[in-house]
Novice: 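Once you've had a glance at the structure underneath, I'll fire off some questions.
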Amino acid sequence: MSQNCSHLEMIKEVQPSAEGCEECLQSGDSWSLLRMCLSCGHVGCCDTSKNKHATKHFHTSSHPIAKMLERVVDTDWCYIDEVYIKR
């Protein structure tokens, strides 16, 4: 794992909260890529999507690490340290 992330202890065993971006599914909007919060399982759209719900979730919850759901490589992102974490 990355040596540059100081929030790894906040990673929990979680299940995705939805099969797509929770907020976009509720509003009928679309997304491009998805991230899952590794503290609570919230699924939100990535910053490449117009609504950026995964980042909004970080700002409201302070949950620091999200998993990229649609990548072949198992990569996480720490919003606080602004680093990718490979597991």
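What you are looking at is a predicted structure, and each value in this text was computed from that prediction instead of being measured.
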Novice: When you measure from the side chain of K12 to the backbone N and O of G41, does any donor-acceptor pair fall under 3.5 Å?
Specialist: no
Novice: Using the test side-chain hydrogen bond (donor to acceptor under 3.5 Å, both in side chains), find all partners of T48 that sit at least two apart in sequence or belong to another chain.
Specialist: S32
Novice: If hydrophobic clusters are built by linking Ile, Leu, Val, Met, Phe, Trp and Tyr wherever their side-chain heavy atoms come under 4.5 Å apart, do I65 and V14 end up in the same one?
Specialist: yes
Novice: Nearest 0.5 Å, please: how far is CD in E19 from CG in L69?
Specialist: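 If we round to the nearest 0.5 Å, L69:CG and E19:CD are 11.5 Å apart.
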Novice: Between V83 and C5, which heavy-atom pair has the shortest distance, and what is it?
Specialist: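 So the minimum-distance heavy-atom pair works out to CG2-CB, 4.1 Å.
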Novice: Going by heavy atoms in the side chains, are Y79 and H7 under 4.5 Å from each other?
Specialist: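 When only atoms from C-beta onward are counted, H7 and Y79 do not touch, as no gap falls below 4.5 Å.
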Novice: Find the distance between SG (C78) and CE (M10) and round it off to the nearest 0.5 Å.
Specialist: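 The distance works out to 9.5 Å.
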Novice: For K50, enumerate each residue passing the salt bridge (Lys or Arg N to Asp or Glu O under 4.0 Å) test, keeping only those at least two apart in sequence or located in another chain.
Specialist: D29
Novice: Taking CD in E9 as the centre, count heavy atoms belonging to other residues, nucleotides or ligands within less than 6.0 Å. Is the count above 12?
Specialist: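 Enclosed.
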Novice: Could you grab the distance from atom SG of C37 to atom CZ of F58, nearest 0.5 Å is fine?
Specialist: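 If we round to the nearest 0.5 Å, C37:SG and F58:CZ are 10.0 Å apart.
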Novice: Could you tell me whether a side-chain N or O of S27 sits under 3.5 Å from a main-chain N or O of E23, the two making a donor and an acceptor?
Specialist: yes
Novice: For residues 22-43, pull every pair meeting ring-ring contact (aromatic ring centres under 6.0 Å, His included), keeping only residues two or more places apart or in separate chains.
Specialist: H42-H57
Novice: Verify side-chain contact (heavy atoms from CB on, under 4.5 Å) between I11 and S39, making sure each step is shown before the conclusion.
Specialist: CA-CA 6 Å; I11 295 175; S39 292; over 6 Å; no
Novice: Please report the interatomic distance SG(C45) to CG(L33), rounded to the nearest 0.5 Å.
Specialist: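 That separation rounds to 9.5 Å.
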Novice: Do T75 and I85 come within less than 4.5 Å of each other through their side chains, counting heavy atoms only?
Specialist: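 When only atoms from C-beta onward are counted, I85 and T75 do not touch, as no gap falls below 4.5 Å.
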Novice: Is any side-chain heavy atom of H63 closer than 4.5 Å to a side-chain heavy atom of C40?
Specialist: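 Yes, their side chains come closer than 4.5 Å.
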Novice: Please check this pair: side chain of D81 against backbone of S6, looking for a donor-acceptor N/O pair closer than 3.5 Å.
Specialist: yes
Novice: Return the CE to SG distance between M68 and C46, rounded to the nearest 0.5 Å.
Specialist: 4.0 Å
Novice: Looking only at non-hydrogen atoms, find the nearest pair between L34 and G20 and report the distance.
Specialist: CD1-CA, 3.8 Å
Novice: What is the distance from atom CE of M36 to atom CG of D76, rounded to the nearest 0.5 Å?
Specialist: 8.5 Å
